[in-house]
Amino acid sequence: MSRESDVYAQFKLLQSGSLWLFFLIYFAIFYLNIFVLIPGLFLKQQYILYSIIFVAGLSLIFYTQPFEKLIFQKFHESEQIGRTGREERFRLPPPEMRMDTDRPPPGEIRPENPLRVDFVSLVLFVVVWVVGMATKISEQWRLSEKKVILSEADKAQAELSFFKAQINPHFLFNTLNNIYSLAITKSDHTAPSILKLSKMMRYITEEATQDFVPLHDEITCLESYIDLQKLRLNDKTRVNFKIDGEIKNKQIAPLILMTFVENAFKYGVSNRFENEIDIRLESTATSVYFFCRNEIFEANEAGERQGIGIANTRKRLDFLYPDRYDLKISKEEKTFEVSLTVH
């Protein structure tokens with residue numbers, strides 16, 4: 001009894017080692033496919049060579065039959081050990097008196113080595129191979145998608161910088177022209193105007209380079225610009241600038257509103273007729289509302305330039321507030337209105 005237990009324990013140990021060897025074979029196939037074959041062949045479009053290696057591996061598994069030889073045969077050996085032990089315990093009759101169930105009936109010829117197909121090993125090989133391909137290809141797809149997103153972001157940032165570069169010089173040139181007019185007339189407001197322009201330029205070159213700035217700083221820039229514009233206006237023009245709501249701890253895209261205010265002073269001012277520019281800004285908990293209305297006096301010779309400024313502003317809004325803004329522009333025969341809500 002002790003001898004039988006020792007033999008059976010040795011066999012269980014051998015069977016456990018065979019099981020680990022069996023799984024080690026498929027682990028090797030899985031990682032070889034992921035780290036060597038797919039990056040080196042499949043992703044480099046060498047599909048024929050990759051298919052040849054797959055067929056060769058499948059054929060090798062077919063002929064070596066790892067499950068059949070490492071697991072299934074060990075199971076039969078275990079059954080044989082158990083049967084031998086039972087025969088010794090129960091003193092079975094001599095072999096010549098027992099019916100040999102393994103002996104073929106008279107007239108029947110059995111093949112000595114029947115061909116067996118190890119379906120378990122073949123199916124495991126295909127599953128491991130396909131799972132490796134799916135894992136690596138999905139990882140490659142995620143990397144490609146990430147590269148596309150980063151590329152689009154870089155492109156959007158480059159275009160945004162280009163639009164800012166178009167807006168800032170246009171804005172500064174107009175302001176310098178206004179100060180030049182003050183200097184020609186030797187106005188006492190020339191020095192304070194230069195100081196305001198200096199603060200505005202510092203804001204544009206240092207703060208407005210960001211995608212978003214504090215709403216308070218943007219309003220301060222608008223107020224400075226409106227004050228500079230008022231210096232060249234006469235009593236015929238009335239400017240209303242009203243702010244409602246809480247503006248602290250709010251952010252907005254820089255110089256988005258400046259384009260519309262600039263157009264209002266450029267095309268809505270007359271030295272001969274009564275005119276009014278109405279500018280309102282309202283800040284709520286979830287949005288910022290801007291409204292600007294002016295009459296149209298200036299000849300529309302520079303309408304194309306005005307259209308470029310508004311088109312650039314729309315593109316900046318698309319980049320910085322995708323699906324989170326509402327811009328309405330109404331142009332009639334005598335008035336021009338802009339209504340913008342950003343969330």
Side-chain angles (χ1 to χ4, degrees), residues 160 163-176 178-179 189 192-233 237-269 275-294 306 309-310 312-321 324-329 336-343:
L160 186 60
F163 297 146
K164 285 182 180 179
Q166 286 186 316
I167 293 172
N168 296 349
H170 185 207
F171 159 72
L172 291 175
F173 291 154
N174 288 342
T175 306
L176 286 172
N178 295 334
I179 295 178
H189 299 289
S193 298
I194 294 176
L195 181 61
K196 287 185 177 181
L197 178 61
S198 174
K199 293 180 179 179
M200 291 173 62
M201 291 180 64
R202 183 178 292 108
Y203 169 77
I204 292 174
T205 56
E206 295 181 3
E207 298 184 39
T209 55
Q210 305 296 323
D211 290 341
F212 296 96
V213 296
L215 180 60
H216 178 269
D217 294 347
E218 184 73 9
I219 292 176
T220 301
C221 182
L222 286 176
E223 290 175 337
S224 298
Y225 178 79
I226 292 173
D227 291 341
L228 290 173
Q229 292 291 337
K230 284 182 179 180
L231 295 176
R232 69 180 180 89
L233 303 178
T237 302
R238 185 168 62 256
V239 180
N240 302 318
F241 185 35
K242 185 179 180 181
I243 301 173
D244 292 323
E246 181 63 40
I247 63 174
K248 293 182 180 179
N249 301 323
K250 298 289 181 65
Q251 289 192 325
I252 193 171
L255 304 179
I256 283 288
L257 310 179
M258 184 63 70
T259 301
F260 306 114
V261 175
E262 193 177 2
N263 285 336
F265 280 98
K266 185 173 183 179
Y267 301 104
V269 173
N275 59 92
E276 182 178 8
I277 297 177
D278 187 15
I279 303 172
R280 298 198 307 269
L281 190 144
E282 181 180 353
S283 175
T284 66
T286 59
S287 64
V288 174
Y289 173 75
F290 172 81
F291 175 82
C292 183
R293 180 175 59 84
N294 63 274
Q306 176 186 6
I310 293 177
N312 288 346
T313 302
R314 284 185 182 274
K315 290 181 179 180
R316 292 186 64 204
L317 287 169
D318 289 335
F319 287 143
L320 301 175
Y321 296 96
R324 294 188 293 117
Y325 79 93
D326 182 24
L327 176 61
K328 296 180 181 179
I329 298 177
F336 186 85
E337 292 185 0
V338 175
S339 174
L340 172 64
T341 302
V342 294
H343 302 281

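Being a predicted model, the structure only gives us computed values, none of them experimental.
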Exercise for review: Work out which heavy atom in S287 is nearest to a heavy atom in T341; give both atom names and the distance.
Suggested key: CB-CG2, 4.1 Å
Review point. CD of E223 to NZ of K196: how many Å apart, nearest 0.5 Å?
Key: 9.0 Å
Check your understanding: What's the shortest heavy-atom distance between I279 and C292, and which atoms?
Key -> CG1-SG, 4.0 Å
Exercise for review: Please tell me if the side chains of V288 and L340 come closer than 4.5 Å, counting only heavy atoms from C-beta onward.
Suggested key: no
Review point. Looking only at atom types and distance, does a side-chain atom of R280 sit under 3.5 Å from a main-chain N or O of F291, one as donor and one as acceptor?
Key: no
Review point. Under 6.0 Å between ring centres, would you say that holds for Y321 and F212?
Key: yes
Could you pull out every donor-acceptor pair under 3.5 Å between side chains of residues 245-255 and any protein atom, sequence neighbours left out?
residue : atom : partner : partner atom : Å
E246    : OE2  : K248    : N            : 3.3
K250    : NZ   : S283    : OG           : 3.0
K250    : NZ   : T284    : O            : 2.4

Review point. Which heavy atom of I277 sits nearest a heavy atom of A264, and at what distance?
Key: CD1-O, 3.6 Å
Practice item. State the CZ-CZ distance between F290 and F260, to the nearest 0.5 angstrom. Key: 7.0 Å
**Study point:** Rounded distance [0.5 Å steps], CZ in R202 versus CG in L197
**Key:** 11.0 Å
Exercise for review: Please lay out, stage by stage, how Y289 and D244 fare under the test side chain to side chain contact (heavy atoms under 4.5 Å, CB included).
Suggested key: CA-CA 10 Å; Y289 173 75; D244 292 323; over 6 Å; no
Check your understanding: Got a sec, which residues hit side chain to side chain contact (heavy atoms under 4.5 Å, CB included) with D318, two or more places apart in sequence or on another chain?
Key -> Y325
Practice item. Report yes if some heavy atom in the side chain of L320 is under 4.5 Å from a heavy atom in the side chain of V342; otherwise report no. Key: no
Review point. Is there a side-chain contact between C221 and M258 (heavy atoms, below 4.5 Å)?
Key: yes
Check your understanding: Between the main-chain N or O of H216 and the side-chain N or O of T220, is there a donor-acceptor pair closer than 3.5 Å?
Key -> yes
Revision key, fill the gap. Smallest heavy-atom separation, R324 atom then H343 atom, equals NH1-O, 2.8 Å
**Study point:** Interatomic spacing from CZ in R314 to OG1 in T259 - rounded to 0.5 Å
**Key:** 12.0 Å
Check your understanding: At what distance, to the nearest 0.5 angstrom, does CG of L317 lie from CG of L327?
Key -> 6.5 Å
Exercise for review: Of all the heavy-atom pairs spanning L257 and E218, show the shortest one and how long it is.
Suggested key: N-OE2, 4.4 Å
Point to revise | From I243 atom CD1 to L281 atom CG, the distance as rounded to the nearest 0.5 Å | key: 6.0 Å
**Study point:** For the student: nearest non-hydrogen atoms of T313 and I256, plus distance
**Key:** CG2-O, 3.9 Å
